[in-house]
**Student:** 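Right, I'll just put the structure down here and ask away after.
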Amino acid sequence: MSKKEMLLSRVIVEYLKHREPIGSESLKMLMNTKISSATIRNYFKVLADEGLLFQPHISSGRIPTFEALKSYWYKQIDTKSVMEVDSPECIKRACFESQVFCALSIEQSNRLCAVTRLSSDKLLLEFEHIGVTLPFSTTIERFLRELKGLELVDVRKIAYQVRAMNLLEVLTCVQSRNLVRFGVGALVQAYHYNSDEQSFYAIVDGSIFDSLQLGIYCEEVLPKGYMAIMQDIVLKTQPDKKSRMLCVGALDRDFTHFFGCIQS
């Protein structure tokens, strides 16, 4: 890691802790480094020219920009690994402490067992716990037969990906997920000055779990300055159920602290 990257990383870490501008002298003392304050100020200028640091007031220190925070979180957060979480109660406490919204989708096993043509205009889908009908078409019948054995949650995701909206509408009525939400105030704050009601309600009603893959999302899903993290998790209290967690919060929230709390 270069000196410039090291200084930027430390500015971000300190800003996430205190959400206050940090000056060159303060940073020098915190890092206990031999780099002079003048050199740090030169790096600050370079980072500001690159759009990574911002000086809110002439006499104040620097704070990271949205671009710097996004880049930092993309490097820090691993969404590909399954996270082991103590309990929903731990997530609830961490949400209120870190001012983050969190939705848990806890899925009951419900596999697609059979696809049967009932008549010239009806198709029956038999899941483990329920059967549903939908209008018949040769294309949809062939498509669904290839999905036999998959969980309902996975069939819904595939239906969304291929834009089989009639099928998705039918499957949405067959809810196998238990949806739990914490820290709703943080979500409301994110949309306070934003009119994109569609994405807001997709998060609230849980349909976003059908459309988003694992990963980190910013402006493509949320208002500017906010971040969404989709992650597979295992709840120690319900280890046999497939669970997924969506976290939403401002980019300047300390997600490192949040994830540390729910895994402690």
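Throughout, numbering of the chain's residues begins at 1 and tracks the sequence.
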**Student:** Tell me if a side-chain donor or acceptor on Y193 pairs with a main-chain N or O of Q189 at a distance below 3.5 Å.
**Tutor:** no
**Student:** Counting heavy atoms not belonging to E220, are there more than 12 under 6.0 Å from its CD?
**Tutor:** yes
**Student:** Any salt bridge between D154 and R111, counting N to O under 4.0 Å?
**Tutor:** no
**Student:** Search all heavy atoms of F44 against all heavy atoms of V11 and return the closest pair with its distance.
**Tutor:** CE1-CG2, 3.9 Å
**Student:** Between E14 (side chain) and S9 (backbone), is there a donor-acceptor pair under 3.5 Å?
**Tutor:** no
**Student:** What's the spacing between L125 CG and L152 CG if we round to 0.5 Å?
**Tutor:** 10.0 Å
**Student:** Any chance you could lay out the side-chain hydrogen bond (donor to acceptor under 3.5 Å, both in side chains) test for Y201 and S207, step after step, and finish with the verdict?
**Tutor:** CA-CA 8 Å; Y201 287 116; S207 58; over 6 Å; no
**Student:** Can a donor-acceptor pair be found, under 3.5 Å and without considering hydrogens, that links the side chain of Q238 to the backbone of L235?
**Tutor:** no
**Student:** Within the 4.5 Å heavy-atom criterion, are C247 and F258 side-chain neighbours or not?
**Tutor:** yes
**Student:** Within a reach of under 6.0 Å around OH of Y74, are more than 12 heavy atoms found that belong to other residues, nucleotides or ligands?
**Tutor:** yes
**Student:** Inspect the contact between E107 and R244 and indicate whether a charged nitrogen and a carboxylate oxygen are less than 4.0 angstrom apart.
**Tutor:** no
**Student:** Can we say K157 and D210 salt-bridge, meaning some charged N sits less than 4.0 Å from an Asp/Glu carboxylate O?
**Tutor:** no
**Student:** Quick check: are there more than 12 heavy atoms from other residues, nucleotides or ligands sitting under 6.0 Å from CG of N42?
**Tutor:** yes
**Student:** State whether the side chain of E219 and the backbone N or O of M227 hold a donor-acceptor pair below 3.5 Å, judged by distance alone.
**Tutor:** no
**Student:** Hydrogens and angles aside, do S24 and Y43 bring a side-chain donor and acceptor to less than 3.5 Å of each other?
**Tutor:** no
**Student:** Cut-off 3.5 Å, side chains only: do Q231 and T79 have a donor facing an acceptor?
**Tutor:** no
**Student:** Using a 6.0 Å distance limit plus a 45 degree cone around the ring axis, check whether R163 lies over the aromatic ring of Y160.
**Tutor:** yes
**Student:** Could you grab the distance from atom CD of E126 to atom CG of L124, nearest 0.5 Å is fine?
**Tutor:** 4.5 Å
**Student:** Is the backbone N or O of S109 less than 3.5 Å from a side-chain atom of H129, with the two atoms forming a donor-acceptor pair by type?
**Tutor:** yes
**Student:** May I ask you to test the V221-I208 pair for a side-chain heavy-atom distance under 4.5 Å?
**Tutor:** yes
**Student:** Check the surroundings of atom CD in Q161: do more than 12 heavy atoms from other residues, nucleotides or ligands lie under 6.0 Å from it?
**Tutor:** yes
**Student:** Taking the side chain as every heavy atom from C-beta outward, state whether V248 and I229 have any atom pair closer than 4.5 Å.
**Tutor:** no
**Student:** Over 60° means perpendicular and under 30° means parallel, so tell me whether F259 and F255 are parallel, tilted or perpendicular.
**Tutor:** tilted
**Student:** So does E97 pair up with R93, basic N to acidic O under 4.0 Å?
**Tutor:** no
**Student:** Does any N or O in the side chain of K242 come within less than 3.5 Å of the main-chain N or O of I106, such that one atom is a donor and the other an acceptor?
**Tutor:** no
**Student:** Looking at K92 and E89, is there a salt bridge between them, counting it only when a charged N and a carboxylate O are closer than 4.0 Å?
**Tutor:** no
**Student:** Is it the case that the side chain of N110 and the backbone of E128 share a donor-acceptor pair, with hydrogens and angles ignored and the cut-off at 3.5 Å?
**Tutor:** yes
**Student:** Do side-chain atoms of R62 reach the backbone of G23 as a donor and acceptor pair under 3.5 angstrom?
**Tutor:** no
**Student:** Checking the side chain of S98 only, and the main-chain atoms of A94 only, is there a donor and an acceptor separated by less than 3.5 Å?
**Tutor:** yes
